[in-house]
2 protein chains.
Amino acid sequence: MAEHMDKLSKQLLNKGYKLTPQREATLRVLLENEKDHLNAEEVYMLVKAKNPNIGLATVYRALELLSGLHIVEKINFGDGGARFDLRSDDQPHMHHHLICTRCGKVEEIMDDWLLPMENRIEREFGFKVTDHRLDFHGVCRECNAKERERARKAVS
Amino acid sequence: MAEHMDKLSKQLLNKGYKLTPQREATLRVLLENEKDHLNAEEVYMLVKAKNPNIGLATVYRALELLSGLHIVEKINFGDGGARFDLRSDDQPHMHHHLICTRCGKVEEIMDDWLLPMENRIEREFGFKVTDHRLDFHGVCRECNAKERERARKAVS
DNA sequence: CTGGCTGCAAATGCTTTGCACTGCG
DNA sequence: CGCAGTGCAAAGCATTTGCAGCCAG
């Protein structure tokens with residue numbers, strides 16, 4: 001984790017940006033909540049808890065900066081309000097999401113299924129893919145179970 | 001096209017909504033610009049051209065209604081501002097997009113590659129997929145060509 | 001002292017809401 | 001009448017921008 005933080009800092013520095021306490025705090029929050037798909041407001045709250053003087057605009061600016069450097073990815077599920085994910089560099093692309101339309105939970109799944117598709121797109125359309133984004137909407141295991149439960153009761 | 005309009009109207013009526021002139025005009029605009037990924041403002045402009053008294057809010061309300069009925073799909077590329085696509089019912093799911101990061105052009109490509117993946121997700125995660133969304137970001141054929149051209153000149 | 005970075009407040013831009021009005025059943 | 005649907009203006013919300021101040025090099 002600490003090493004991860006180190007590596008991220010260096011990425012910033014290499015591009016000529018300073019690692020300010022605010023940016024470090026923002027990165028740290030993203031790192032500590034890697035699985036949570038935080039939105040800007042949530043990142044702000046968490047950063048503010050450690051660093052009460054920070055302004056919301058600064059968090060936005062940090063997130064935009066990091067997103068431009070492809071250190072975090074900015075995602076947009078249907079709700080207004082973007083969400084931010086740390087982007088681990090052992091994944092060449094974004095990871096994919098299972099979004100439950102019942103309970104709103106977002107699960108992550110892994111990559112690599114799409115590489116053949118990317119090759120095909122390049123061949124057929126002359127389109128050189130640099131990134132992709134794949135989301136599935138549906139009903140998660142838990143909500144499925146609840147649904148079946150409800151159906152069972154309705155019968156009895 | 002006219003039959004298509006008919007079918008869409010019936011979908012509205014069947015759900016208990018009226019086919020008002022405003023809603024019809026909105027549908028017609030979407031139908032006539034099926035390939036264009038219009039945003040709300042653009043739909044509004046086009047509807048207003050035929051129907052000058054309509055209000056922006058009404059267009060938003062129509063689009064939201066149609067989107068709720070899955071007659072149109074509301075998509076969100078990275079730019080602020082949702083875009084709207086008519087959803088043809090011979091495609092069970094959304095179609096996919098090739099988004100050029102150079103010129104912003106959006107191409108559509110067809111579906112059906114993902115069905116095996118959906119099956120796998122249901123087996124492995126217990127997640128019943130009802131819909132998916134797949135976008136590729138990259139550089140389109142034209143921008144690729146321009147880029148190569150530029151590189152060639154730089155050498156000479 | 002210079003330029004990057006910050007906080008604050010104001011501005012922006014898309015979208016939604018409140019409300020009074022209208023027309024159809 | 002009752003109620004869905006409408007237009008207009010105002011509100012709402014996430015995000016961006018302007019600007020003065022600050023700090024490291």
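Each chain gets a letter, A, B and so on, in the order the sequences are listed, and its residues count up from 1.
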- Task: Figure out the CZ/P separation between A:R83 and D:dA14, and round it to whole Å.
- Result: 11 Å
- With sequence neighbours excluded, residues passing salt bridge (charged side-chain N to carboxylate O under 4.0 Å, His left out) with A:D85: none
- Of residues 12-20 of chain A, the positions that come close to DNA chain C - non-hydrogen atoms, cut-off under 4.0 Å: A:Y17, A:K18, A:T20
- Message: Once salt bridge (charged side-chain N to carboxylate O under 4.0 Å, His left out) is applied, do any residues pair with B:E142, and if so which ones, sequence neighbours excluded?
- Response: B:K105
- Taking only residues two or more places apart in sequence, or in another chain, which ones meet B:K146 in a side-chain hydrogen bond (donor to acceptor under 3.5 Å, both in side chains)? none
- Task: Would you kindly give the CD-to-P distance between A:Q22 and D:dA24, to the nearest whole Å?
- Result: 12 Å
- Span of DNA chain C engaged by chain B, first through last nucleotide within the 4.0 Å heavy-atom cut-off, is C:dC14 to C:dG18
For nucleotides 8-10 of chain D, give me every protein contact, N/O to N/O, under 3.5 Å, one pair per line with atom names.
none

- Of all residues at least two apart in sequence or in a different chain, which pass the side-chain hydrogen bond (donor to acceptor under 3.5 Å, both in side chains) check with B:E147? B:R102
- Query: Quick one: is D:dT15 close enough that its OP1 or OP2 comes under 4.0 Å of any side-chain N or O from A:Y60?
  - Reply: yes
- Task: Just grab all the salt bridge (Lys or Arg N to Asp or Glu O under 4.0 Å) pairs involving residues 37-47 of chain A, residues at least two apart or on different chains.
- Result: A:E42-A:R83
- Note on the structure: Residue set satisfying side-chain hydrogen bond (donor to acceptor under 3.5 Å, both in side chains) with B:Y44, at least two apart, ordered chain then number -> B:K48
- Within residues 49-68 of chain A or reaching into it, pairs that qualify as salt bridge (Lys or Arg N to Asp or Glu O under 4.0 Å) - sequence neighbours excluded: none
- Name all residues meeting the salt bridge (charged side-chain N to carboxylate O under 4.0 Å, His left out) criterion together with B:R141; count only those two or more places apart in sequence or in a different chain, and write none if there are none. none
- Item | Spacing of B:N76 atom CG relative to D:dA14 atom P, expressed in whole Å | 14 Å
- Query: For A:K35, which residues count as a salt bridge (charged side-chain N to carboxylate O under 4.0 Å, His left out) partner, sequence neighbours excluded?
  - Reply: A:E108
- To the nearest Å, how far apart are B:R23 CZ and D:dT6 C1'? 10 Å
- Could you please spell out the steps behind the side-chain contact (heavy atoms from CB on, under 4.5 Å) verdict for A:L63 and A:K74? CA-CA 8 Å; A:L63 289 172; A:K74 183 175 180 180; over 6 Å; no
- Query: How close do B:R133 and B:N76 get, heavy atom to heavy atom, and via which atoms?
  - Reply: NH2-O, 3.3 Å
